[in-house]
*Asks:* 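One structure, pasted below without further comment.
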Amino acid sequence: MTSIADNSVLIIGLGLIGGSIARGLKNANRQQSICAFDSNSNALEQALSQGVIDQVGTLETLLSSADIVILALPPMSTTEAIPQIASLARPDAIITDVASVKTVILECVNRQEPEFITRFVPGHPIAGSEQSGFAASRGDLFQDRNVILTPQMSTDPDAVALINDLWRRLGANVIGMNLERHDAVLAATSHLPHLLAYALVDVLVNQEQNEDIFRYAAGGFADFSRLASSDAKMWSDVFISNAEATLQVLDAYVRNLEKLKQLIKQKDHDSLMALFTSAKLVRDNFLKRYFQTGEQQISEHKNIQITVEPGGQVSGSLRVPGDKSISHRSVMLGAIADGITRVKGFLEGEDALNTVAAFREMGVTIIGPERGEITIFGVGKYGLKVPRIPLYLGNSGTSMRLLAGLLAAQRFDCELDGDESLRKRPMKRVADPLVEMGAKIETGAEGTPPLKISGSSLKGISYSMPIASAQVKSSLLLAGLYAQGETTVTEPAACRDHTERMLRGFGYPLTVDQGRRTVTLTGGKPLSAIDIDIPADISSAAFFMVAAAISPGSALTLQHVGVNPTRSGVISILRAMGADIQQSNYKEVGGEPVADLTIRHQPLRGIVIPKEQIPLAIDEFPAIFIAASCAEGETVLHGAAELRVKESDRIDAMATGLKSLGIVTETFEDGIRIEGGQLQGGKIDSRGDHRIAMAFAVAGLRANAPIEISNCANVATSFPGFVAMAQQAGIQLKLSQQVFD
Ligand code: S3P
């Protein structure tokens with residue numbers, strides 16, 4: 001795929017948006033070839049004289065040579081222009097638009113020849129102002145603004161990547177969206193406010209004392225009516241083009257105005273207060289969430305607390321969200337594949353969303369996630385773009401370690417960073433073998449993030465991992481995709497094999513020798529996009545498995561759980577403790593085994609946890625320790641030092657928490673001994689570790705007094721909606737904001 005700089009750009013419509021695109025592209029690269037067409041010859045002359053464009057001419061001549069055609073016109077003018085563009089543009093030209101409605105544009109595009117449809121990339125910059133015309137254009141108009149692309153499944157991914165690159169060069173953040181959602185969202189967030197501004201000014205114009213109103217109108221009127229200074233043609237076009245979605249939200253608004261009218265008539269002060277207070281709260285929270293700095297957000301975040309009332313049981317049938325490990329991998333492999341990868345069952349948790357954000361920053365167009373669906377327009381193995389900022393991976397060790405491998409082999413430099421917890425986690429385990437492959441990676445002094453990676457060419461190595469880590473294995477395999485020759489990774493014990501399974505799914509050949517525990521692949525081959533169906537996450541299901549296992553009277557079914565044998569250690573361990581877990585509806589979905597699990601309460605007994613089960617249940621120990629505290633006798637775990645370097649030191653966090661609930665524990669450097677007993681109530685610090693928080697939430701089922709768990713915001717990293725689902729199952733818990741002194 002070529003870059004924007006190698007392509008000549010034709011802008012049709014040199015108003016605010018078209019002019020700003022031209023200025024921005026010229027600012028980024030003086031050599032960029034730009035021509036323009038507009039019915040307003042003044043705008044063209046100004047642009048030529050200012051060096052913003054290089055050439056003007058007839059539409060025919062300009063279209064006969066342009067590589068990229070940008071329709072920067074109001075929506076109805078865009079639909080009028082499309083048939084002509086389709087007949088005159090070069091057969092290999094890429095076409096895009098900027099209209100703020102997308103359904104009508106796509107309807108018009110889809111009436112053209114198939115080759116045109118594949119080359120049309122619908123776009124919409126969420127920028128602009130009430131000003132219009134070339135004179136108002138600015139080179140930085142799109143800096144840090146969102147641009148939405150709404151490509152179809154028939155759109156050529158290379159064309160999508162090129163238009164994505166164009167907007168990135170203008171400083172924008174590119175987001176993919178499906179077109180119906182785009183039009184509904186924009187109707188509510190942009191079209192309705194414009195309509196209301198026009199309506200308000202129109203009402204006041206028709207009032208007798210309108211001179212006074214306008215003369216004395218200070219803040220309120222000025223704030224509210226600003227949008228009524230927008231371009232009349234453009235906005236008439238928008239409302240006609242997006243009539244259906246606008247009318248829907250307008251109906252809701254009119255109903256609300258009627259309600260307000262009644263409340264005012266009835267002098268219902270309390271109801272007005274309630275409505276205004278809730279609206280203020282929603283707006284303030286929204287501003288905090290989307291416009292606050294990272295640090296302000298983190299301190300807000302820390303206050304989330306979960307309180308569980310003692311006792312109860314769980315029952316019913318649940319489907320927990322999608323698997324976190326597989327969700328990460330689906331984005332990573334989808335991004336570097338050729339073609340369009342469609343994913344169902346994607347986990348919309350913060351960790352996986354950070355992976356999505358990282359690839360968006362590297363120029364990959366991703367639609368969603370929306371209701372678990374995500375579509376990735378692959379850019380191919382060498383199509384990632386240099387990130388303009390350090391990639392922030394939040395709490396997610398998987399994102400950082402896997403990306404370290406993938407990015408070590410690129411042709412650009414980058415930096416990976418994360419939150420307070422991730423900044424404490426060991427990264428030399430991936431950096432050392434990657435350096436052996438030829439990578440250039442700098443870690444912090446303690447071998448921790450941030451990671452500074454300089455893109456290098458790599459050579460395959462044979463690496464025997466000192467620890468059974470799927471993250472290390474996957475990191476090296478991802479680097480191996482780019483390395484010269486063979487990369488072989490040997491694991492000391494079996495650990496999750498999602499990367500191997502998914503690479504095969506993407507058509508990448510690899511050899512697995514189960515006896516010798518090795519995986520081998522040869523670099524240099526492409527990946528082909530696929531459809532992926534992600535099973536429910538067994539690590540999230542584990543909390544409910546333990547909940548049913550420990551609380552008398554429980555019977556719970558967990559649907560469509562991933563039961564890959566390299567992940568199902570929790571089932572084996574709980575069964576060894578006496579748990580009743582039945583498996584049904586076993587099947588393979590896209591190379592991953594899934595089944596429904598039904599768990600009924602049965603008294604548990606303590607066991608010595610078999611060493612080979614440790615990597616197969618590595619994330620489930622916080623939940624397993626709760627089961628152990630409710631079991632008869634003692635449970636002993638050795639050989640699990642890895643637990644000390646997870647999102648928190650999970651041996652210490654669990655031992656401290658269990659002790660404060662009256663359970664006797666003894667810790668070792670590599671494990672723990674837990675004596676089953678009666679759980680008391682108490683206060684727990686989850687240390688910002690999602691799995692510690694959820695484990696103690698489940699413990700409430702067998703406690704004799706409430707348990708208050710603090711610092712729970714990170715539950716959203718792996719299991720958004722946990723509290724609601726736990727309530728639905730029968731756990732009596734609630735979420736609150738903690739108040740600090
Ligand atoms: C993961 C592997 C495990 C696990 C982590 C996710 C993965 O880490 O703890 O939550 O997706 O590969 P290690 O492989 O480092 O044990």
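Whatever order the structure lists ligands and atoms in, that order sets their numbers, starting from 1.
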*Asks:* Would the distance check show the side chain of Lys659 and the main-chain N or O of Met654 forming a donor-acceptor pair, the cut-off being under 3.5 Å?
*Replies:* no

*Asks:* Which of the numbered atoms in ligand 1 are under 4.0 angstrom from any heavy atom belonging to Ser325?
*Replies:*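 Counting atoms of ligand 1 from 1, those under 4.0 Å from Ser325 are 1 (C), 6 (C), 7 (C), 11 (O).
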
*Asks:* Checking side chain to side chain contact (heavy atoms under 4.5 Å, CB included) against Ser648, which of Asn711, Asn714, Ile692 comes through?
*Replies:*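 Among Asn711, Asn714, Ile692, the one that satisfies the side chain to side chain contact (heavy atoms under 4.5 Å, CB included) with Ser648 is Ile692.
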
*Asks:* Any idea which protein heavy atom is nearest atom 10 (O) of ligand 1, and the distance to it?
*Replies:* Asp619 OD2, 2.7 Å

*Asks:* If you have a sec, work out which protein heavy atom is nearest atom 14 (O) of ligand 1 and how many Å separate them, to one decimal?
*Replies:*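 So the nearest neighbour among protein heavy atoms is Ala470 N, 2.7 Å.
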
*Asks:* Between Ala494 and Pro615, what is the shortest heavy-atom contact and its length?
*Replies:* O-CB, 3.4 Å

*Asks:* From atom 8 (O) of ligand 1, work out which of Arg650, Lys646, Arg496 has a heavy atom at the shortest distance.
*Replies:*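 That would be Lys646.
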
*Asks:* Backbone or side chain, does any N or O of Lys324 fall under 3.5 Å from an N or O of ligand 1?
*Replies:* no

*Asks:* Give me the ring orientation class for Phe722 and Phe719: parallel if the planes are under 30° apart, tilted from 30 to 60°, perpendicular past 60°.
*Replies:*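 Plane angle over 60°, so perpendicular.
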
*Asks:* Going by the side-chain hydrogen bond (donor to acceptor under 3.5 Å, both in side chains) test, name the single residue among Asp513, Thr511, Thr488, Thr490 that passes it with Thr520.
*Replies:* Thr488

*Asks:* List every atom of ligand 1 that sits less than 4.0 Å from any heavy atom of Ser469, numbering the atoms from 1 in the order shown and giving each element.
*Replies:*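 Close to Ser469: 13 (P), 14 (O), 15 (O).
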
*Asks:* Both conditions, 6.0 Å and 45 degrees, for the charged tip of Lys381 above the ring of Tyr482: are they met here?
*Replies:* yes

*Asks:* Touching ligand 1 at all, Arg329? Heavy atoms, strictly under 4.0 Å?
*Replies:*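 Contact check Arg329 vs ligand 1: positive.
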
